[in-house]
Amino acid sequence: MPWSACSARRGACWLAGGADADVVVSSRVRLARNLCGYPFLSRATPGQRQEVIAAVRARLASTPLAQGLLWVDVQELSTLDRLLLVERHLMSKELAKGDLPRGLAVGLPDEQMTIMVNEEDHLRVQVLRPGLALHEAWQGASDIDDQLEGGLDMAFSPRFGYLTACPTNVGTGVRMSVMLHLPALRLTGEIDKVKRAAADMGMSVRGFYGEGSEATGDFFQLSNQRTLGRAEQVILRELASEIIPKVAEYERAARQALLSRRARFLEDTICRALGLLRHARLLTPQEAMGNLSLVRLGTLLGVLGGEAPGLEPHAVTQLLVQVQQGHLQKLADRPMDQQQRREFRAELVRGRLK
Amino acid sequence: MKCDCCEREATVHEVSIQHGKRSERHLCEQCAQAKGVLQIGPMPGQAKSVEHPAGPQVARGGEAPQSSVCPACGMTFAGFRQAERLGCAACYVALEGHLLPLIQRVQEGACQHVGKVPKRALGESAGLGQEGGPVVEAGVGVGTGAAEIVARVRGLREELERALSDEQYERAASLRDEIARLVRRVGGGPAL
């Protein structure tokens with residue numbers, strides 16, 4: 001297992017920099033595909049699951065994708081390793097669950113490409129990129145799809161498009177999403193308005209860890225909801241050229257409004273967050289993420305001034321993943337209970353924000 | 001209604017339209033399974049096509065115009081509602097009558113795919129298309145959705161094969177041009 005304490009220390013490449021990184025933390029494109037000739041996963045026997053894995057692995061081995069691709073038999077991983085991969089956004093919670101045959105192919109060393117096998121669908125191709133880079137992420141995912149499809153028959157209907165286990169993904173099977181950092185919109189009380197507007201435009205808004213996770217630390221995942229009847233390029237154009245720039249502009253305007261009209265309040269809020277993170281002896285994940293979000297805002301707006309010279313936004317962003325329980329236990333190289341994790345989390349954050 | 005093969009009540013109704021001729025079979029569940037009309041359990045490993053425009057539509061329960069059991073995997077609509085997952089690709093055909101309103105609800109009224117099409121669905125050999133694969137663009141024109149284009153290319157390819165075997169080379173050339181034009185139109189590049 002290559003995801004040791006070393007990779008936990010390294011953080012995630014897709015969280016480092018990129019275009020519009022002040023607001024757009026990362027971009028992701030996910031494709032759902034199923035192979036012809038096999039039932040979907042709810043009806044597949046363990047033998048059929050193995051056959052799907054074998055077919056996908058054989059196809060991968062015959063393409064240039066094989067180079068730098070690491071295969072992981074998920075059912076053989078420990079709970080901690082599974083947790084680490086979920087926290088790094090390399091696999092979904094759904095893939096992590098259960099002991100039936102399932103696999104994960106990860107592009108190394110940057111971990112920006114993954115192929116999940118036997119998740120909700122036979123195949124889930126995912127490409128992650130730092131910052132606003134949906135075009136690149138789409139191109140990457142589509143290229144992988146082409147290479148897989150060159151040797152595998154995908155379940156496809158001219159009417160419904162790519163056929164998926166859940167009709168919410170049928171059609172293009174594509175989910176394009178961006179992780180947005182919107183602390184100023186929360187501080188100015190406008191976040192609900194933006195979330196409603198996004199929903200009205202057919203977008204879904206989720207938390208840092210996707211479906212079912214609450215927005216933590218002002219980080220939101222915005223993604224297309226509809227997958228049928230709209231071409232990938234249309235979804236891409238709408239998100240990358242219309243919706244995301246608009247939301248980013250709202251956030252930037254809210255940041256400027258806070259700076260010009262409520263500078264002291266903003267400085268106080270951010271410096272309190274820094275103070276708490278620098279001095280706390282026990283930290284919950286929610287507390288850590290909420291305050292790291294404010295400190296990230298401080299580094300972006302230069303509000304921290306002499307308080308934290310040299311502290312870069314991406315160093316703070318990396319901590320968002322590293323304060324999660326799987327990463328903490330990998331870093332400490334020992335299993336920890338909740339209280340021990342809170343203590344170690346506080347120690348880690350204190351050390352980084354000195 | 002009685003089963004065509006025994007005295008039991010017919011609960012599986014098959015309507016086939018092949019070569020323009022309609023035929024009906026009314027069977028009880030046991031006879032339907034024995035004749036392979038209704039298969040409960042894992043689907044056969046080699047079933048490739050899931051769209052059967054001319055194939056059998058299996059209906060169960062007498063009144064329902066559409067099937068409520070997938071003949072390939074045995075999934076029922078009630079089972080789908082409970083699991084929130086379909087059993088196999090053929091469920092989209094077998095349960096279409098029930099699924100369509102649901103699909104339209106979750107997909108904002110859409111019921112026709114627009115977008116990428118697997119190269120193999122166009123009958124191309126792999127790797128001949130341009131990067132990104134064939135794409136059916138929105139608004140290509142009235143009546144030129146993915147279904148029509150894919151079906152038309154398939155039909156033209158069959159005609160092309162016939163023209164070549166009949167040594168009608170002029171016709172073959174114009175068919176080849178038409179196929180290339182259609183494939184280009186859906187973004188497939190120089191496919192032939």
Side-chain angles (χ1 to χ4, degrees), chain A residues 31 33-45 47-48 51 59 63 120-122 138-139 141-143 145-174 202 225-235 237, chain B residues 41-51 70 72-75 79-80 83-93 96 99 102-104 106-121 125-127 129 131-133 135-139 145-151 187:
Chain A
L31 296 175
R33 300 285 187 257
N34 285 284
L35 304 192
C36 278
Y38 295 97
F40 294 158
L41 276 310
S42 64
R43 298 257 153 170
T45 61
Q48 285 167 321
E51 284 177 39
R59 178 58 198 160
T63 68
E120 180 182 307
D121 294 295
H122 294 150
W138 158 248
Q139 199 52 57
S142 184
D143 286 349
D145 184 39
D146 288 346
Q147 297 200 47
L148 287 168
E149 185 211 296
L152 297 168
D153 281 315
M154 300 297 179
F156 179 84
S157 126
R159 180 169 191 190
F160 293 123
Y162 289 95
L163 302 174
T164 51
C166 184
T168 51
N169 294 312
V170 79
T172 55
V174 73
Q225 207 151 24
R226 182 175 149 190
T227 53
L228 185 65
R230 311 190 79 206
E232 296 86 345
Q233 294 295 340
V234 175
I235 301 171
R237 198 165 48 234
Chain B
M43 70 190 292
Q46 294 310 311
K48 286 211 160 183
S49 172
V50 292
E51 287 279 306
C70 173
C73 71
M75 176 64 82
F80 161 69
E84 296 180 343
R85 301 283 182 273
L86 291 163
C88 70
C91 290
Y92 278 95
V93 179
E96 187 183 325
L99 284 176
L102 188 140
I103 289 175
Q104 286 180 309
V106 297
Q107 300 286 352
E108 296 171 27
C111 56
Q112 172 61 56
H113 172 60
V114 181
K116 194 170 178 179
V117 173
K119 291 186 191 82
R120 287 169 173 239
S125 46
E131 274 189 344
V135 172
V136 179
E137 287 290 350
E148 284 91 341
I149 292 178
V150 170

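Here is the naming used below: chain letters follow the sequence lines, and residue numbers restart at 1 for every chain.
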Matching residue for A:Trp138 among A:Ile235, A:Leu31, A:Asp143 - test: side chain to side chain contact (heavy atoms under 4.5 Å, CB included):
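Exactly one candidate clears the test, A:Leu31.
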Under a 4.5 Å heavy-atom cut-off, does chain A meet the side chain of B:Cys111, its backbone, both or neither?
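It is both, since atoms from each part get that close.
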Backbone of A:Pro158 reached by a side-chain donor or acceptor of B:Gln112 within 3.5 Å
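Judged by distance alone, yes, a pair lies under 3.5 Å.
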Check each atom of [X] against the heavy atoms of chain B and say whether the ones under 4.5 Å are side chain, backbone, both or neither.
{"X": "A:Leu152", "value": "backbone"}
{"X": "A:Asp121", "value": "neither"}
{"X": "A:Glu120", "value": "side chain"}
{"X": "A:Thr172", "value": "both"}

Taking the side chain as every heavy atom from C-beta outward, state whether B:Val114 and A:Arg230 have any atom pair closer than 4.5 Å.
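Not in contact.
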Are any non-hydrogen side-chain atoms of A:Tyr38 and A:His122 less than 4.5 angstrom apart?
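Sidechains of A:His122 and A:Tyr38: in contact.
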Greatest number of heavy atom pairs closer than 4.5 Å to chain B - which of A:Gly161, A:Cys166, A:Ala165
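Option with the top pair count is A:Ala165.
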Largest heavy-atom contact set with chain B, pairs under 4.5 Å, which of A:Asn34, A:Val174, A:Thr164:
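That would be A:Thr164.
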Between A:Tyr162 and B:His113, how do the two ring planes meet: parallel, tilted or perpendicular, split at 30° and 60°?
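The arrangement is perpendicular - the two ring planes meet at more than 60°.
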A:Gln139-A:Ser142 side chain donor-acceptor pair, cut-off 3.5 Å:
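No, no side-chain donor-acceptor contact under 3.5 Å.
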